[in-house]
Chemist: 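Pasting a structure below so you can have a look.
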Amino acid sequence: MIVTKGVDIICSHGDTFECAWEVEGVTVAGSTIFSVKPTAGSTDVLLAADCIKSGQIIRVAISADDFATLAVGDYVYDIVMISGDVKTTLLFPANFSVRAVVHNE
């Protein structure tokens, strides 16, 4: 399960994670990277994934096995676009909460 509240995300531990955003005000070019950290000021990237671009839509898809490496807890995430020497933050740090589940599948 994935729940979004504005830009904040709540998701289930160990599920396949997939989310998409529509980018406005800038042309999507180069590579886009979704990153999860413990806090906005931290240098420790706990999870990162390249985004898939389609026009002004960027999408991140993380397998259940890769996503399971992120422990249950509260984090922050953002998305950055890198095109040559230009870095553009597409989304400022927002809350990213991973919740426990009961099932074992």
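Any value given below was found using the heavy atoms of this structure, including those in side chains, with hydrogens, waters and symmetry copies removed.
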Chemist: Side-chain atoms of residues 28-44: list all donor-acceptor pairs with protein atoms under 3.5 Å, sequence neighbours left out, distances to 0.1 Å.
Modeler:
{"residue": "K37", "atom": "NZ", "partner": "S42", "partner atom": "O", "Å": "2.9"}
{"residue": "T39", "atom": "OG1", "partner": "S42", "partner atom": "N", "Å": "3.3"}
{"residue": "S42", "atom": "OG", "partner": "D44", "partner atom": "N", "Å": "3.0"}

Chemist: Rounded to the nearest 0.5 Å, what's the gap from OG1 on T69 to NE2 on H13? Could you check?
Modeler: 7.5 Å

Chemist: Do any pairs count as a side-chain hydrogen bond (donor to acceptor under 3.5 Å, both in side chains) and have a residue in residues 86-96, sequence neighbours left out, and if so which ones?
Modeler: D8-N95

Chemist: For residues 71-86, which side-chain N or O atoms pair as donor and acceptor with protein atoms under 3.5 Å away, sequence neighbours left out?
Modeler:
{"residue": "D74", "atom": "OD1", "partner": "S97", "partner atom": "OG", "Å": "2.8"}
{"residue": "D74", "atom": "OD1", "partner": "R99", "partner atom": "NH1", "Å": "3.0"}
{"residue": "D74", "atom": "OD1", "partner": "R99", "partner atom": "NH2", "Å": "3.4"}
{"residue": "Y75", "atom": "OH", "partner": "A71", "partner atom": "O", "Å": "2.7"}
{"residue": "Y77", "atom": "OH", "partner": "V7", "partner atom": "O", "Å": "2.4"}

Chemist: Should L70 and F17 count as side-chain neighbours, where that means a heavy-atom distance under 4.5 Å?
Modeler: no

Chemist: Let me check something: any side-chain donor-acceptor pairs from residues 60-68 under 3.5 Å, sequence neighbours excluded? List them with distances.
Modeler:
{"residue": "S63", "atom": "OG", "partner": "D66", "partner atom": "N", "Å": "3.1"}
{"residue": "S63", "atom": "OG", "partner": "D66", "partner atom": "OD2", "Å": "3.4"}

Chemist: Which pairs with one or both residues in residues 46-61 pass side-chain hydrogen bond (donor to acceptor under 3.5 Å, both in side chains), sequence neighbours excluded?
Modeler: E18-R59

Chemist: Considering all heavy atoms of both residues, which atom of C51 and which atom of I58 are nearest to each other, and what is their separation?
Modeler: CB-CB, 4.3 Å

Chemist: Output the rest of the hydrophobic cluster of V101: all Ile, Leu, Val, Met, Phe, Trp and Tyr residues reachable through side-chain heavy-atom contacts under 4.5 Å, sorted by chain and number.
Modeler: none

